[in-house]
Each structure stands twice: as structure tokens, then as C-alpha cells.
Amino acid sequence: MVEFVEDTTNQTCTCKSDKLVTDILIEKSNDGFVFFEFRVTKGSVPKELSGKYSSMSRAKEAVTAYLNRKSDSVAAKNAYFAKRSEERKELNASKH
């Protein structure tokens with residue numbers, strides 16, 4: 001599932017997914033044209049998303065399609081299992 005948090009005044013959008021630990025940002029390109037491009041909070045932009053998009057909605061479609069095809073990242077899996085482990089510890093502690 002992809003969650004989009006838009007900031008219309010700055011023409012940016014933050015894309016959050018449970019498949020990734022980092023966020024993918026859609027920003028207006030700095031070249032003076034109407035294009036949008038991707039940036040990530042940590043690491044580099046996936047090659048499937050590199051390039052420029054003519055509108056925010058096209059960029060959202062591209063990131064949604066990318067995340068639908070992508071499997072969970074190792075970091076996301078580790079975070080999920082760590083959270084489940086903590087929940088089990090709390091549940092076991094309350095039983096005693």
C-alpha cells in the first residue's frame with residue numbers, strides 16, 4: 001500500500017510504503033521546466049524511477065506501479081519482525 005502526503009504550495013509529495021523503510025519524495029525539477037523527479041531520503045533513486053515526469057499524477061502512477069512490483073526490502077522485513085518480537089514480549093510479560 002502506498003500513502004501519498006502532498007504539499008501543494010511547495011509542489012512536493014512524500015510517498016510512504018510498508019515495503020520500504022525510507023520515503024520516496026516527488027519534487028518539482030530545478031531546471032525551470034514543468035517536470036517532476038524523484039528523490040529518496042536515504043540511498044539513491046531506483047533506476048526504474050529515474051527520469052523526469054510531466055505531472056505529479058504521472059509520477060504517482062510510476063511509484064505505485066514500482067512498489068506493486070517490488071518485494072519488501074530487507075530493512076522493512078527486519079523492522080516488521082522486530083516489531084512483532086516486541087509485541088510478543090509485551091504479551092508474554094502481561095501473562096505472568
Trainee: Could you check whether any side-chain N or O of D31 sits under 3.5 Å from a backbone N or O of F33, counting only pairs where one atom can act as donor and the other as acceptor?
Mentor: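 Here the side-chain-to-backbone pair exists.
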Trainee: With a cut-off of 6.0 Å (strictly less than), are more than 12 heavy atoms of other residues, nucleotides or ligands near NZ of K16?
Mentor: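 Result for NZ/K16: open.
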Trainee: Going from CZ on F4 to NZ on K60, what distance comes out if it is rounded to the nearest 0.5 angstrom?
Mentor: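 If I round to the nearest 0.5 Å, the distance is 6.0 Å.
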Trainee: Would you say the side chain of S54 lies within less than 4.5 Å of the side chain of V34, judging by non-hydrogen atoms?
Mentor: no
Trainee: Is any NZ, NE, NH1 or NH2 atom of the basic residue among D23 and K42 found under 4.0 Å from an Asp or Glu carboxylate oxygen of the other?
Mentor: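 Looking at K42 together with D23, the answer is no, because their closest N to O distance does not fall below 4.0 Å.
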Trainee: What distance separates S44 OG from R39 CZ, expressed to the nearest 0.5 Å?
Mentor: 13.0 Å
Trainee: Which value, rounded to the nearest 0.5 Å, describes the distance between S29 atom OG and Y53 atom OH?
Mentor: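 One gets 12.5 Å once the value is rounded to the nearest 0.5 Å.
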Trainee: Would you compute the distance between atom OG1 of T14 and atom CD of E6 and round it to the nearest 0.5 angstrom?
Mentor: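 So the gap between those two atoms works out to 10.0 Å.
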Trainee: With a 4.5 Å cut-off on side-chain heavy atoms, are C13 and M56 touching?
Mentor: yes
Trainee: Please report the interatomic distance CD(Q11) to CD(E27), rounded to the nearest 0.5 Å.
Mentor: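 The distance works out to 11.0 Å.
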Trainee: So, is the end of the K28 side chain (NZ or CZ) under 6.0 Å from the ring centre of F35 and within 45° of the ring's axis?
Mentor: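 Verdict for F35: no cation-pi partner in K28.
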Trainee: Starting from I24, can I reach V45 by hopping between I/L/V/M/F/W/Y residues whose side chains sit under 4.5 Å apart?
Mentor: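 Yes, because V45 and I24 connect within a single hydrophobic cluster, where side-chain heavy atoms sit under 4.5 Å apart.
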Trainee: Given side chains that start at C-beta, do those of L67 and L20 come closer than 4.5 Å, heavy atoms only?
Mentor: yes
Trainee: Any chance you could measure F36, atom CZ, to I26, atom CD1, to the nearest 0.5 Å?
Mentor: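 Here the rounded value is 8.5 Å.
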Trainee: If every non-hydrogen atom of V40 is compared with every non-hydrogen atom of P46, which pair is closest and at what distance?
Mentor: CG1-CD, 4.4 Å
Trainee: Which atoms form the tightest heavy-atom contact between C15 and V2, and what is the distance?
Mentor: CB-CG1, 4.4 Å
Trainee: Are F38 and L25 connected into the same hydrophobic cluster when the rule is that any two of I, L, V, M, F, W, Y join if their side-chain heavy atoms are below 4.5 Å apart?
Mentor: no
